[in-house]
Student: 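I have a structure I would like to understand better, so I am pasting it below and will then ask my questions one at a time.
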Amino acid sequence: MNRPGESTPQGAPASNFIRDIVKDDLESGRHDQIRTRFPPEPNGYLHIGHAKAICLSFGLAREFGGTCNLRFDDTNPTTEDMEYVESIKEDIRWLGFEWEGDEKYTSDYFEQLYEWAELLIRDGKAYVDSLPEDRIRELRGDYYKKGTPSPFRDRTVDENLDLFRRMRAGEFPDGAHVLRARIGLDSQNMNMRDPLMYRIRHAVHHRTGDEWCIYPMYDWAHGQSDAIERITHSLCSLEFEAHRPLYEWFLEQLPAFRSRQIEFARLNLTYTVMSKRKLLELVNEGRVNGWDDPRMPTLCGMRRRGYPPEAIRDFAERIGVSKRDSTVDVALLEHAVRDRLNDTSPRVMAVLRPLKVVIDNWPDGRVEEFDAPYHPKEPDWGSRKVPFGKVIFIERDDFREEAPRKWFRLAPGREVRLRYACLITCVDVVRDASGEVVELHCTWDPESRGGRSPDGRKVKGTLHGVSAEHGIPAVVRLYERLFDREDPMDCDEGEDWKDHLNPDSIETLEGALVEPSLARVEPGSRWQFERLGYFCADSQDHRPGAPVFNRTVTLRDTWARIEKRSG
RNA sequence: UCUCCGGUCGUCCAAUGGCAGGACACAGGAUUUUGGUUCCUGGAAUCGGGGUUCGAAUCCCUGCCGGAGAACCA
């Protein structure tokens, strides 16, 4: 963890404006200890945007020796469900954070909120309005026109109290009355024009059941919940900036702790959509295979894809925090993932699209076992024996009949190294009736066991292969970006963001072959398939003996760039 | 038309009146039994115009651009 003033492992500045505020508040003695909170609404799954907020609030608490609460903001019974609570808790823990005590619920505070509302009524700072919804909206005015007071605005305290109590008692149908704060109707900030505090909703709440039929609005619940929990720094996204004056107004009227709201810009990512509504649409329309589809920016999707939580935390640190609307290059996320995986993934060999190779001068039936270390720079990780025989499979992409410029993989007459095995030279090419290459014949140099060059001759190309006899069939899913452009919302006339889905975002290879050491690995385990990328055993579909791997991210591919550039 | 917030390399974030810096991306090179990793090098920015100041990315004025704001959503 970075301490204030320290640098991240990458040398990037560890400071941001919120961290500075926290530091000041601690140094000035304004607070002895900070308390933050993460307040999801239980109506959807967490995504990478939430991860930024989680890392910020939990991370700051951890860094400065404070605490962070998890509070479910459950004030709208018609859209929320306990179904989401467990997944949210699981995702936060997976990210590596633990909240203070039990998780909290805004609904735990309904009684206190109610009492405070009565207090405001008694102080003449709130009133029951009995206008219909559309009338209230009309009288509120607009950006250019001040609002007009409701005819009910000057009800007596007793009348208000009586009505409000009967609202709670369930005497009125939905929409008959609301409780409004009595602030004024001429603010430029529409949020301050006598905002609603309570509405009547005869709905079953997922936690309080039918105990309540009036429910607090966000503005009347959030700041008060912060105060009850004595939250010192209440961090939220920019869209709540215009709510801050109201947040502060409510707290000023109450005998309560004065929490401070601070806004920051939410995360946008290239090639990604982030809104709950759009993600829900992708799931409901079957554009992806559920919330945990590895192409989804949800935390469960990324987990299934093989992204390590440490990489996501590192990413959150790298992107920084500010108040500017911005869109982070998804390449930065991928870099953080590769960076972490490079240090933590054992190397193994797998062939995605196999091409048969017969080694003519290899003795029939002979099997050689070569020693292959699990990590080139971590000898402590040890090694395993990789068997090779007369027939092996190499990557189809590693052979070209006509070698382009700078090609140093296999081609007729070319010698290459089979990693950790030996040097082979292509002597013949076998085609089927349609002319497609179906088999290669090579010779090997028995002096080159282990892949060494016996006489020091230069062998630039190194391929990987799997023994035909020993390889294990596997299903491998290759994932690409879900959208075909940086900004999926960038639409031409008559286009929809869903027209920008990348049709090649998933490719399932049924005929892959993996080395025998991968026969029995744990679901969720992460590996580098040498020269290809990082893969993880799928948490749902992987079985011992019937492996299924997901490609987390490719390795950097310099050759692909060279080839693309030269056309 | 009104109010608020924000404009720094292609992207993201620093610089808190005193040498505009880092990361990603990109380009070149070294090392390499992964065209991986690692290392070195390079190009690359203060939205425009005024003003204050010895000195402005930073403060002031003004213009321009982007975002947000009129839910009984959060």
Side-chain angles (χ1 to χ4, degrees), chain A residues 7-8 10-17 20 39-41 43 73 75-76 78-80 129 132-133 136-138 140-145 147 174-175 177-180 187-191 193 196-201 215 217-219 221-222 236 238-245 263 265 267 270 276 317-336 338-339 342-343 347 349 372 375-377 406-409 417-421 423 448 450-453 459-464 486 528-533 554-563:
Chain A
S7 291
T8 62
Q10 297 75 39
S15 79
N16 61 61
F17 77 99
D20 290 346
E41 187 185 8
N43 69 349
D73 210 348
T75 56
N76 188 352
T78 57
T79 60
E80 296 154 3
D129 197 350
E133 185 174 347
I136 291 181
R137 210 190 330 265
E138 266 177 60
R140 188 154 24 216
D142 57 33
Y143 301 144
Y144 321 110
K145 199 172 81 238
D174 287 8
H177 309 280
V178 293
L179 185 73
R180 300 180 71 176
S187 171
Q188 271 303 329
N189 185 342
M190 300 295 290
N191 296 127
R193 320 245 270 224
L196 271 61
M197 295 169 66
Y198 278 96
R199 75 281 215 191
I200 299 172
R201 276 254 210 292
Y215 290 95
M217 302 290 293
Y218 168 85
D219 286 305
H222 201 95
C236 62
L238 248 28
E239 57 201 293
F240 294 102
E241 209 157 19
H243 294 248
R244 184 168 9 107
E263 312 86 20
L267 172 67
T270 56
K276 275 185 200 172
E317 187 64 41
R318 286 171 185 259
I319 58 176
V321 181
S322 76
K323 297 187 68 161
R324 292 166 66 175
D325 271 306
S326 60
T327 302
V328 175
D329 191 340
V330 74
L332 184 59
L333 210 211
E334 293 169 346
H335 174 266
R338 286 193 187 98
D339 199 39
N342 178 48
D343 290 343
R347 272 59 169 170
M349 287 192 277
H375 191 110
K377 291 183 179 156
K406 290 187 177 173
W407 177 264
F408 40 84
R409 275 116 98 146
R417 173 170 24 247
L418 273 181
R419 190 154 161 85
Y420 298 131
L423 303 180
S448 67
R452 281 170 294 276
S453 171
V459 179
K460 184 94 169 141
T462 299
L463 313 186
H464 63 277
E486 284 198 9
Q528 185 198 96
F529 290 178
E530 295 224 29
R531 302 208 309 128
L532 298 174
T554 62
L555 253 25
R556 276 183 80 227
D557 191 346
T558 306
W559 166 248
R561 285 213 306 270
I562 293 171
E563 199 170 36

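Sequence lines set the chain letters: A, B, ... in the order given, protein chains first and strands last, and positions in each chain run from 1.
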Student: Please produce a list of atom pairs where a protein N or O lies less than 3.5 Å from an N or O of nucleotides 17-20 of chain B.
Tutor:
none

Student: Is Arg409(A) side chain donor-acceptor paired with the rG35(B) base, going by distance under 3.5 Å alone?
Tutor: yes

Student: For Ser322(A), check side-chain contact (heavy atoms from CB on, under 4.5 Å) against everything at least two apart and list the hits.
Tutor: Arg324(A)

Student: Listed by chain and number, what are the side-chain contact (heavy atoms from CB on, under 4.5 Å) partners of Thr327(A), not counting sequence neighbours?
Tutor: Asn268(A), Thr270(A)

Student: To the nearest Å, give me how far apart CZ (Arg419(A)) and P (rU37(B)) are.
Tutor: 13 Å

Student: Nearest nucleotide by nearest heavy atom, which residue falls closer to the 5' end of RNA chain B, Asp20(A) or Thr462(A)?
Tutor: Asp20(A)

Student: Between rC65(B) and rC47(B), how far apart are the two C1' atoms, rounded to whole Å?
Tutor: 7 Å

Student: One character per nucleotide, please: for nucleotides 62-67 of chain B, 5' to 3', B when the base has a protein heavy atom closer than 4.0 Å, S when only the sugar-phosphate does, - otherwise.
Tutor: -----S

Student: Taking the C1' atom of each, how far is rC13(B) from rG55(B), in whole Å?
Tutor: 26 Å

Student: Go ahead and write out RNA chain B as dot-bracket, 5' to 3': ( ) for pairs within the strand, [ ] for ones crossing earlier pairs, | when the partner sits on another strand, dots for unpaired; Watson-Crick or G-U wobble, both distances under 3.5 Å.
Tutor: .((((((..((((....[..)))).(((((.......)))))....(((((..]....))))))))))).....

Student: Tell me, please, which residues at least two apart from Phe529(A) pass ring pair (Phe, Tyr, Trp, His ring centres under 6.0 Å).
Tutor: Phe535(A), Phe549(A)

Student: Measure the distance from CD on Gln528(A) to P on rG35(B) and round it to the nearest whole Å.
Tutor: 10 Å

Student: rG7(B) and rA27(B): how far apart are their C1' atoms, nearest whole angstrom?
Tutor: 29 Å

Student: Under 3.5 Å, which N/O atoms of the protein pair with N/O atoms of nucleotides 70-74 of chain B?
Tutor:
residue: rA70(B); atom: N7; partner: Tyr143(A); partner atom: OH; Å: 3.0
residue: rC72(B); atom: OP1; partner: Arg137(A); partner atom: NH1; Å: 3.4
residue: rC72(B); atom: OP2; partner: Arg140(A); partner atom: NH2; Å: 2.8
residue: rC72(B); atom: N4; partner: Glu133(A); partner atom: N; Å: 3.2
residue: rC72(B); atom: N4; partner: Gly175(A); partner atom: O; Å: 3.3
residue: rC73(B); atom: OP1; partner: Arg201(A); partner atom: NH2; Å: 3.0
residue: rC73(B); atom: OP2; partner: Arg199(A); partner atom: NE; Å: 3.1
residue: rC73(B); atom: OP2; partner: Arg199(A); partner atom: NH2; Å: 2.8
residue: rC73(B); atom: OP2; partner: Arg201(A); partner atom: NH2; Å: 2.4
residue: rC73(B); atom: O3'; partner: Arg199(A); partner atom: NH2; Å: 3.3
residue: rC73(B); atom: O2'; partner: Asn76(A); partner atom: ND2; Å: 3.2
residue: rA74(B); atom: OP1; partner: Thr75(A); partner atom: OG1; Å: 2.6
residue: rA74(B); atom: OP1; partner: Arg199(A); partner atom: NH1; Å: 3.4
residue: rA74(B); atom: OP1; partner: Arg199(A); partner atom: NH2; Å: 3.0
residue: rA74(B); atom: OP2; partner: Tyr218(A); partner atom: N; Å: 2.8
residue: rA74(B); atom: O3'; partner: Asp73(A); partner atom: OD2; Å: 2.9
residue: rA74(B); atom: N6; partner: His243(A); partner atom: NE2; Å: 3.0

Student: Expressed as a whole number of Å, how far does the P atom of rC12(B) sit from that of rU3(B)?
Tutor: 28 Å

Student: List for me each residue that meets side-chain contact (heavy atoms from CB on, under 4.5 Å) alongside Arg347(A), sequence neighbours excluded, and say none if there are none.
Tutor: Asn342(A), His375(A), Pro376(A), Gln528(A), Glu530(A), Tyr534(A)

Student: CZ of Arg347(A) versus C1' of rU33(B): gap in Å, rounded?
Tutor: 14 Å

Student: How far, in whole Å, is rG22(B) from rU41(B) if one measures between their P atoms?
Tutor: 11 Å

Student: Does OP1 or OP2 of rG35(B) have a side-chain N or O of Arg531(A) closer than 4.0 Å?
Tutor: yes

Student: When the C1' atoms of rA15(B) and rC40(B) are considered, how many whole Å apart are they?
Tutor: 26 Å

Student: Output all residues satisfying side chain to side chain donor-acceptor pair (under 3.5 Å) with Ser448(A), sequence neighbours left out; order by chain, then residue number.
Tutor: none

Student: So, using side chain to side chain donor-acceptor pair (under 3.5 Å) as the criterion, who are the partners of Asp73(A) when residues are at least two apart?
Tutor: Thr106(A), His222(A)

Student: Is there a side chain to side chain contact (heavy atoms under 4.5 Å, CB included) between Leu463(A) and Arg531(A)? Walk through the geometry before answering.
Tutor: CA-CA 8 Å; Leu463(A) 313 186; Arg531(A) 302 208 309 128; 3.8 Å; yes

Student: With rounding to whole Å, what would you report as the distance between rG10(B) and rG43(B) at their P atoms?
Tutor: 14 Å

Student: Less than 4.0 angstrom between a side-chain N/O of His464(A) and OP1 or OP2 of rU34(B), yes or no?
Tutor: no

Student: Determine the Euclidean distance between corresponding P atoms of rC9(B) and rU37(B); express it in Å to zero decimal places.
Tutor: 27 Å

Student: My understanding is that only residues two or more places apart in sequence, or in another chain, count here; which of them pass side chain to side chain donor-acceptor pair (under 3.5 Å) with Arg199(A)?
Tutor: none

Student: Can you list everything that forms a side-chain contact (heavy atoms from CB on, under 4.5 Å) with Tyr143(A)? Sequence neighbours excluded, please.
Tutor: Met190(A)

Student: Can you tell me if the side-chain N/O atoms of Arg561(A) get under 4.0 Å from OP1 or OP2 in rA27(B)?
Tutor: yes

